[in-house]
Amino acid sequence: MSQNQLPPDPDSLSRWEQMPHNQPSKQALPPMAGGARWSLWLLGLLFVLMVIALLQGRMG
């Protein structure tokens with residue numbers, strides 16, 4: 001233990017060990033997990049728009 005750390009409180013540690021420790025649910029995912037799906041769709045839309053723009057440039 002370094003000099004900057006406090007020693008653990010035995011009472012708090014025993015209370016923590018008595019609390020239920022369950023596996024997190026799928027709804028408790030970090031925010032990036034939901035945002036990554038939307039960014040994939042946005043990248044796909046951007047790709048489609050780029051292809052349309054390239055086709056318009058060749059034909060126009």
Side-chain angles (χ1 to χ4, degrees):
M1 185 179 317
S2 71
Q3 295 175 353
N4 294 339
Q5 291 181 342
L6 295 173
D9 182 21
D11 184 43
S12 297
L13 188 59
S14 67
R15 286 183 183 184
W16 172 256
E17 290 171 350
Q18 291 173 3
M19 291 179 71
H21 298 283
N22 301 328
Q23 290 289 341
S25 66
K26 292 192 179 207
Q27 290 82 15
L29 290 174
M32 184 57 201
R37 291 187 202 117
W38 282 106
S39 64
L40 182 61
W41 281 103
L42 289 175
L43 284 174
L45 179 63
L46 182 63
F47 178 75
V48 169
L49 289 174
M50 285 173 43
V51 169
I52 291 171
L54 287 172
L55 290 175
Q56 288 291 327
R58 289 185 182 179
M59 294 181 174

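A quick note: this is a predicted structure, and the numbers were derived from the prediction, not measured.
Sorted by first and then second residue, the pairs that involve residues 14-23 and meet salt bridge (charged side-chain N to carboxylate O under 4.0 Å, His left out), not counting sequence neighbours, are D11-R15.
Note that the CG atom of L13 and the CD atom of Q18 stand 10.0 Å from one another [nearest 0.5 Å].
Grouped by direct or indirect side-chain proximity (heavy atoms under 4.5 Å, Ile/Leu/Val/Met/Phe/Trp/Tyr only), L43 sits alone. In the hydrophobic clustering, M19 connects to W16, either directly or through intervening members, whenever side-chain heavy atoms lie under 4.5 Å apart.
Take S12 and apply the side-chain hydrogen bond (donor to acceptor under 3.5 Å, both in side chains) test, not counting sequence neighbours, and it matches D9. The side chain to side chain contact (heavy atoms under 4.5 Å, CB included) search around V48 returns I52, not counting sequence neighbours.
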